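Proteins get letters first, then strands, A, B, ... in listed order; numbering begins at 1 in each. Since the model is a prediction, treat every value here as computed from it, not as a measurement.
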Number of protein chains: 4
Amino acid sequence: MPTAKSKQKKTPTAANASPERRRELLAIAAEVFAEQGYNATTVRRIADEAGMLAGSLYYHFDSKESMVDEILSTFLTELWEGYDAVLAAGLGPRETIDALVTESFREIDRHRAAVAIYQKEARQLAAQPRFGYLTDSQRKFEKAWLGTLERGVADGTFRADLDIRLTYRFLRDTVWVAASWYRPEGRHSPEEIARQYVSMVLDGIAVPAEVRR
Amino acid sequence: MPTAKSKQKKTPTAANASPERRRELLAIAAEVFAEQGYNATTVRRIADEAGMLAGSLYYHFDSKESMVDEILSTFLTELWEGYDAVLAAGLGPRETIDALVTESFREIDRHRAAVAIYQKEARQLAAQPRFGYLTDSQRKFEKAWLGTLERGVADGTFRADLDIRLTYRFLRDTVWVAASWYRPEGRHSPEEIARQYVSMVLDGIAVPAEVRR
Amino acid sequence: MPTAKSKQKKTPTAANASPERRRELLAIAAEVFAEQGYNATTVRRIADEAGMLAGSLYYHFDSKESMVDEILSTFLTELWEGYDAVLAAGLGPRETIDALVTESFREIDRHRAAVAIYQKEARQLAAQPRFGYLTDSQRKFEKAWLGTLERGVADGTFRADLDIRLTYRFLRDTVWVAASWYRPEGRHSPEEIARQYVSMVLDGIAVPAEVRR
Amino acid sequence: MPTAKSKQKKTPTAANASPERRRELLAIAAEVFAEQGYNATTVRRIADEAGMLAGSLYYHFDSKESMVDEILSTFLTELWEGYDAVLAAGLGPRETIDALVTESFREIDRHRAAVAIYQKEARQLAAQPRFGYLTDSQRKFEKAWLGTLERGVADGTFRADLDIRLTYRFLRDTVWVAASWYRPEGRHSPEEIARQYVSMVLDGIAVPAEVRR
DNA sequence: CATGAATGAGAATTCATTCAT
DNA sequence: GATGAATGAATTCTCATTCAT
């Protein structure tokens with residue numbers, strides 16, 4: 001509701017429209033970004049998909065960049081709500097990993113496109129100041145997972161013979177790359193996928209020798 | 001694996017120069033592609049890095065596309081030499097997985113940039129007929145790994161309670177994403193990384209209950 | 001001096017609103033045009049300043065162009081009322097110049113923005129048929145000033161050793177460019193500024209030799 | 001001559017071409033800018049005038065902005081060479097004014113288009129940090145002229161009854177607006193125009209009373 | 001009277017590619 | 001083998017304008 005003399009210099013266009021329309025458009029954009037890659041996606045393509053002309057998108061958003069920005073920051077905000085809840089619950093290392101993995105697959109389920117974009121583009125985007133929060137998030141992320149692993153090694157829950165940073169990367173990648181193949185309509189629920197992933201990660205895919213015997 | 005030469009459409013230019021120069025230039029290009037992404041990389045940038053002007057690259061290559069083509073096909077050719085040797089060795093499922101993972105990390109070590117490019121761009125490139133071999137390779141790849149897993153489940157080596165396609169994806173991603181963080185000068189040799197990965201994947205990161213006791 | 005209404009091409013929109021609102025909006029528009037330049041001024045910016053949305057301006061005006069049109073024609077209409085009165089008064093050359101300069105500064109005081117716009121944009125706008133009156137006005141203007149100068153040279157009031165067209169341009173520019181720095185709240189009244197300008201122009205800024213002696 | 005590894009990140013294109021070609025293109029651009037105004041001039045128009053495609057201009061210049069930048073800064077550099085020489089000559093106030101006016105008309109003669117651009121666009125461009133030198137130059141300019149006037153008033157050369165800032169603006173505008181009508185092929189040489197301007201400014205256009213008698 | 005959403009015609013700019021030298 | 005200059009198509013973004021509500 002612009003009042004007389006309100007000169008919104010910075011954001012001439014953005015944040016005008018109704019939140020619902022924005023969300024619709026962002027969902028479309030996210031889908032296309034995820035499929036084609038951010039750079040390879042033209043604004044025109046998004047507009048086509050939304051049934052409007054390329055220029056019309058600029059009524060809703062400042063730029064292509066601000067679209068990814070909003071897609072990623074929205075996703076990360078929600079992710080951290082979930083993660084923070086898990087981390088605040090005071091669970092043991094094994095249960096924390098379990099809960100984080102489960103939470104992650106729930107996020108992948110809810111924000112598949114955003115996660116895929118994050119995976120592919122984060123490194124490059126993070127170079128721009130505007131996307132500094134990506135780096136921040138990554139740091140927090142590392143702290144959460146690595147810390148849990150360290151706790152687990154300390155209390156004997158996790159193996160001590162593995163390079164812990166390697167283990168961290170293994171876990172991290174293992175979970176998130178799933179966004180590249182995950183389909184919401186697929187056979188398994190995110191919880192079921194999470195259950196199996198946790199099981200693989202914690203206990204391995206091999207049948208233990210003493211069982212096999 | 002089709003090699004990417006045979007394409008001298010109009011000009012008698014491409015594929016002229018000495019093979020060594022080509023390889024040098026491709027190495028440079030691969031590095032830049034890996035770092036910035038294929039789309040985001042300008043021919044000019046590659047030329048800059050090579051100490052020449054953008055136009056000059058066209059003496060050596062037909063197009064930007066033919067550069068990735070050659071980078072990826074060279075990599076895949078080598079990869080399959082290694083894989084085929086492993087698969088032909090008649091090993092048991094556990095040993096085959098071990099060998100494939102090890103071979104994979106060796107390839108990551110040798111072709112880090114190419115692997116990173118493959119990870120990021122394969123899906124999109126594969127849409128073009130020229131890159132049909134990417135899809136072929138992926139199919140062969142799946143057959144090799146999935147087959148090994150199935151063999152393992154059948155003979156009791158691997159757990160039967162896991163969705164096998166899930167396991168396959170888990171394994172595949174787990175190994176290859178490593179290219180995104182792997183640095184040849186890093187602490188661990190590719191063989192050491194492979195050893196730890198295999199150990200995690202097969203036996204899990206948790207200390208088994210009966211040991212912990 | 002054609003007035004810029006009579007243009008309701010398609011819509012019955014323009015020239016609807018109350019004349020006061022129009023004048024308010026035109027004053028705002030003139031200010032922005034003067035400050036940023038006609039081309040660089042967006043309709044949105046004017047609307048912002050007026051506390052409405054860009055589209056809403058089109059209830060009041062046919063187009064951006066019709067805004068400048070109305071601003072300039074209104075100004076010129078008033079200018080010529082003043083000038084015509086001076087020219088009809090039958091004054092001598094010196095007194096006529098004096099009166100014209102004074103009248104000009106009064107117009108600058110009243111229509112600072114319009115004058116500034118005129119100075120900057122007239123040449124370009126005049127190329128369009130719609131703004132033909134700008135050229136007409138300029139011709140009339142030249143006739144009035146140049147004629148007065150010629151009269152003055154003829155009767156010995158003004159120096160005969162100067163190129164008269166040069167003198168004309170000198171005078172014309174000298175007066176009107178003042179619009180670019182004039183501020184109504186400034187130290188001097190328009191009449192005082194005019195007095196000093198006339199004095200400079202007629203008698204020069206140097207102290208005459210025989211006085212200095 | 002780019003050497004291997006020379007990554008000119010900031011200026012990917014500009015400053016490549018031979019200086020002569022640059023100068024040619026800048027001369028063309030200046031002409032168009034002067035005639036149509038900076039904003040109203042499209043890059044395409046400049047390219048048309050130069051007999052090339054719009055995109056081709058970007059081989060020579062980074063942007064439309066960098067074209068005006070180079071045009072203006074080149075002009076100002078030369079202007080100050082001339083001005084500085086005058087100011088260093090240790091002339092009296094009257095002679096200094098004379099010399100500055102003459103130098104100014106010489107610059108108008110040499111850089112007519114640049115001067116016209118400066119007149120029309122300086123205020124707006126100066127808002128951008130990149131064009132900070134415009135403000136600097138203006139300040140120096142004011143200091144030079146105003147200082148000379150003050151010296152003249154102090155030593156009795158110039159009238160003391162005039163507002164000195166008004167006089168300064170009068171002089172400044174009077175000289176530079178001439179760029180808007182000056183044509184190199186015109187009747188008068190820049191020196192002749194300067195002579196007449198100086199005469200008008202110093203001694204006025206009126207015949208002194210005691211002479212007229 | 002005004003808003004919200006869109007249109008559509010450019011605008012500047014980028015970049016792979018070509019080619020004469 | 002490489003340079004310098006250009007092409008031309010595509011891309012992001014801007015903005016005056018329209019119009020149903």
Roughly, in whole Å, what's the span from [atom1] in [X] to [atom2] in [N]?
X: A:Asp48; N: E:dA6; atom1: CG; atom2: P; value: 14 Å
X: C:Phe33; N: F:dC15; atom1: CZ; atom2: P; value: 13 Å
X: C:Glu24; N: E:dA2; atom1: CD; atom2: C1'; value: 15 Å
X: C:Met67; N: F:dA16; atom1: CE; atom2: P; value: 9 Å
X: D:Lys64; N: E:dG10; atom1: NZ; atom2: P; value: 16 Å
X: C:Arg22; N: E:dC1; atom1: CZ; atom2: P; value: 12 Å
X: B:Leu53; N: F:dA2; atom1: CG; atom2: C1'; value: 8 Å
X: B:Arg44; N: E:dT18; atom1: CZ; atom2: P; value: 18 Å

For [N] and [X] - does any side-chain N or O of the residue sit under 4.0 Å from the phosphate oxygens OP1/OP2?
X: B:Arg21; N: F:dA2; value: yes
X: A:Tyr58; N: F:dT14; value: no
X: D:Tyr59; N: F:dA5; value: yes
X: D:Ser56; N: F:dT7; value: yes
X: A:His60; N: E:dG4; value: no

If you assign each of C:Leu57 and B:Ala40 to its closest nucleotide in DNA chain E, which residue comes earlier from the 5' end? C:Leu57
Which comes earlier along DNA chain E counting from the 5' end, the contact point of C:Leu25 or that of D:Glu65, where each point is its nearest nucleotide?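 Of the two residues, C:Leu25 wins.
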Would you find a donor on one side and an acceptor on the other, under 3.5 Å apart, between the side chain of A:Ser66 and the backbone of A:Asp69? no
With a 3.5 Å cut-off and sequence neighbours excluded, list the donor-acceptor pairs that the side chains of residues 119-126 of chain D form with protein atoms.
from     : atom 1 : to       : atom 2 : distance (Å)
D:Glu121 : OE2    : D:Tyr38  : N      : 2.8
D:Arg123 : NH1    : C:Ser180 : O      : 3.3
D:Arg123 : NH2    : C:Ser180 : O      : 2.7
D:Gln124 : NE2    : C:Gln36  : O      : 2.6

Determine the contact category for A:Thr42: base if any of its heavy atoms lies under 4.0 Å from a base atom, sugar-phosphate if only primed atoms, P, OP1 or OP2 are that close, otherwise nothing. sugar-phosphate
Between the side chains of C:Arg21 and C:Glu24, is the shortest nitrogen-to-carboxylate-oxygen separation below 4.0 Å, so that they form an ion pair? yes
Mind checking who F:dT11 pairs with, Watson-Crick or G-U wobble, both distances under 3.5 Å?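 Per the H-bond distance test, E:dA12.
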Any strand, both distances under 3.5 Å, Watson-Crick or G-U wobble: E:dT21 pairs with F:dA2
5' priority, DNA chain F, between C:Thr41 and A:Asn39 [closest heavy atom]: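 Residue closer to the 5' terminus by nearest nucleotide: A:Asn39.
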Mapping A:Gly55 and B:Gly55 onto DNA chain F by nearest heavy atom, which one lands closer to the 5' end?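 Its nearest nucleotide being more 5', the pick is B:Gly55.
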If you only use heavy atoms from C-beta on, which nucleotide in E:dT3, E:dT7, F:dT3 is closest to the side chain of B:Met52?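 Of E:dT3, E:dT7, F:dT3, F:dT3 is nearest to the side chain of B:Met52.
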To the side chain of A:Val43, which of E:dT7, F:dT12, E:dT13 is closest? F:dT12
Taking the side chain as every heavy atom from C-beta outward, state whether [X] and [Y] have any atom pair closer than 4.5 Å.
X: A:Ile71; Y: A:Tyr118; value: no
X: A:Leu76; Y: A:Leu134; value: yes
X: D:Glu49; Y: D:Glu31; value: no

Using atom C1' in both nucleotides, what's the gap between F:dT21 and E:dC1 to the nearest angstrom?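 F:dT21 and E:dC1 have their C1' atoms separated by 13 Å.
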